[in-house]
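Side chains included, hydrogens not; waters and symmetry mates left out as well; all remaining heavy atoms used.
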Amino acid sequence: MGHQVIIFDFSVIRGLWETRVKKNKERQKKEKERLEKSALEKIKQEWNLILECRKKGIPQSKYLKNGFVDINEKDLDTYGKTPQLKKSRALPDGANKEQNKFIFQLSGEQWTELPDSLKERTYLKEWHVYNTLIQTIPTYIAIFQDLRVLELSKNQINHIPAEIGCLKNLKVLNVSFNNLKSVPPELGDCENLEKLDLSGNMEITELPFELSNLKQLTFVDVSANKFHSIPICVLRMSNLQWLDISSNSLKDLPEDIDRLDELQTLLLQKNKLTYLPRALVNMPKLSLLVVSGDDLVEIPTAICESTTGLKFVSLKDSPVETIVCEDTEEIIENEREREQIEKEFMKAYIEDLMERESTPSYTTKVMLSLQL
């Protein structure tokens, strides 16, 4: 018995394929037109406009009206060219020189360690070190007793020395977007600390109980890490007004979260929460609550119908395609960069939201779609 030979009419196949390609292009065109007309495109344009205004130093009052963008690019160009803003903010050269004397600034990837000459400037009140390849904070930091501000974001720091606890006058500590995996208990000795930013380190899972001593803290940001619950020490920070624990692995909130009776802003988006405790209703000063995720199925009615002025925002996370990569460090770095972009977006979004007087108390399904 001979072989069966199947003969195809290639002209028919080609015709079917061209028809499918044509239909696919038409669908893509319609989708593009839909996006251009959608609210998402408008939000994107407004966001780019706000970024441009900030770069030019243009105050919000010039491009926002009742919280909405209300200025065209020509006006921005005109305003950006006028020197009025710079003149009003300029200080006399003498005053600038005296002020800068107490501030140390360093940036650039050419730096892998702090300069030795820094040890001699113990009178400094502020350190601003960012975007370097520096990995350690030197132990001699203990001699900088006048230090008030320690801004060390976006470096490669993987360890905070115990000597940090010697800085009794420290008010601001920002070690965001570094490579930290833990925080020393000695940080709890910085009794005058008011702002603590540990966001974007990606690997911190807990905070030492000793941080309960930080009674002056009003701002804590531990977003983009690996917390499975709100640390006990945070619940004991009696003056806390702002808590950002978004982009972690929270599955639930403590039932006694209402002990944070001074808390005004609570950011919980991008976690694994399935419900919100009723205790949130008992927080008299809470004015902004942000959550996200389709897993959230139980929300106290009192939160949505709050008469206290609470703004409740439920964000919908857009699925982000996973990048297949064998290099684990590269994956973490990509995620870190994405978190930085999202953080900038959320900062502008929240600032805008807080300024709006007409914002509804309950906003749902706000699309958060930020990709590199």
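Between the side chain of Asn271 and the backbone N or O of Asn248 there is at least one donor-acceptor pair closer than 3.5 Å. For Asn201 (side chain) and Asn178 (main-chain N/O), a donor-acceptor pair under 3.5 Å exists by modelled atom type. Within the 3.5 Å criterion, the main-chain N or O of Lys119 finds no donor-acceptor partner in the side chain of Arg121. Panel note: side chain Asn192, backbone Lys171; no donor-acceptor pair is recorded below 3.5 Å. Side-chain atoms of Ser223 never come within 3.5 Å of backbone atoms of Ser199 as a donor-acceptor pair (strictly under, hydrogens ignored). In this structure a side-chain-to-backbone donor-acceptor pair under 3.5 Å is present from Asn225 to Ile204. With Ser247 contributing its side chain and Lys270 its backbone, the two residues share no donor-acceptor pair below 3.5 Å. In this structure a side-chain-to-backbone donor-acceptor pair under 3.5 Å is missing from Asp258 to Leu280. Side chain of Arg336 to main chain of Gly200: a donor-acceptor pair is present (N/O by atom type, distance under 3.5 Å, no hydrogens or angles).
When every heavy atom of Pro161 is checked against every heavy atom of Pro184, the shortest pair comes out as O-CG, 4.0 Å. Of all heavy-atom pairs spanning Ile103 and His128, the tightest one is CG2-CD2, 3.6 Å. Across all non-hydrogen atoms, the minimal contact from Val149 to Leu170 is N-CD1, 4.0 Å. The shortest heavy-atom contact between Ile141 and Leu167 is O-CD2, 3.4 Å. The two residues Phe102 and Tyr123 make their nearest non-hydrogen contact at CD2-O, 3.5 Å. Of all heavy-atom pairs between Cys166 and Gln145, the closest is O-NE2, 3.2 Å.
Around the NZ atom of Lys215, the shell of radius 6.0 Å holds more than 12 heavy atoms that belong to other residues, nucleotides or ligands. The neighbour count for Arg278 CZ, taken as heavy atoms of other residues, nucleotides or ligands under 6.0 Å away, does not exceed 12. Lys168 NZ: more than 12 foreign heavy atoms inside a 6.0 Å radius. The local environment of CD1 in Ile232 is sparse, with at most 12 non-hydrogen atoms from other residues, nucleotides or ligands closer than 6.0 Å.
From Ser153, atom OG reaches atom CG of Asn131 across 7.0 Å, with rounding to the nearest 0.5 Å. In this structure, the separation between CG on Asn174 and OH on Tyr130 is 12.5 Å, given to the nearest 0.5 Å. In this structure, CG in Leu198 is found 8.0 Å from CG in Asp221, a value given to the nearest 0.5 Å. The distance from the CG atom of Asp256 to the CG atom of Leu235 is 5.5 Å, given to the nearest 0.5 Å.
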(request) Under the side chain to side chain contact (heavy atoms under 4.5 Å, CB included) rule, what do Leu315 and Met346 come out as? Steps first, then yes or no, please. (result) CA-CA 11 Å; Leu315 299 171; Met346 285 303 299; 3.9 Å; yes
(request) Carefully, step by step, assess Leu106 and Leu118 under the rule side chain to side chain contact (heavy atoms under 4.5 Å, CB included). (result) CA-CA 11 Å; Leu106 189 71; Leu118 184 60; over 6 Å; no
(message) One pair to check against salt bridge (charged side-chain N to carboxylate O under 4.0 Å, His left out): Glu335 and Arg338. What are the steps and the verdict?
(response) CA-CA 5 Å; Glu335 183 64 25; Arg338 183 180 294 112; 2.8 Å; yes
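Pairs of residues two or more places apart, or lying in two chains, that qualify as ring-ring contact (aromatic ring centres under 6.0 Å, His included) and include a residue from residues 227-263 are Phe219-Trp242.
Tyr140 and Trp111 fall within a single hydrophobic cluster, where Ile, Leu, Val, Met, Phe, Trp and Tyr side chains are chained together by heavy-atom contacts under 4.5 Å. Linking Ile, Leu, Val, Met, Phe, Trp and Tyr whenever their side-chain heavy atoms come within less than 4.5 Å leaves Leu124 and Val172 in two separate clusters. Side-chain heavy atoms closer than 4.5 Å link hydrophobic residues (I, L, V, M, F, W, Y) into clusters, and following such links, possibly through other members, connects Ile143 to Ile160. Cluster membership for Phe177 and Val183, using ILVMFWY side-chain heavy atoms within less than 4.5 angstrom, is not shared.
For Asp197, there are no salt bridge (Lys or Arg N to Asp or Glu O under 4.0 Å) partners two or more places apart in sequence or in a different chain.
Remark: the Asn155 side chain and the Thr132 side chain contain an N/O donor-acceptor pair separated by less than 3.5 Å. Side-chain contact check for Glu262 and Asn239: no donor-acceptor pair (N or O, by modelled atom type) lies under 3.5 Å.
With salt bridges taken as basic N to acidic carboxylate O contacts below 4.0 Å, one links Lys226 and Glu203.
Exactly one residue among Ile350, Val222, Leu267 makes a side-chain contact (heavy atoms from CB on, under 4.5 Å) with Asp244. That residue is Leu267.
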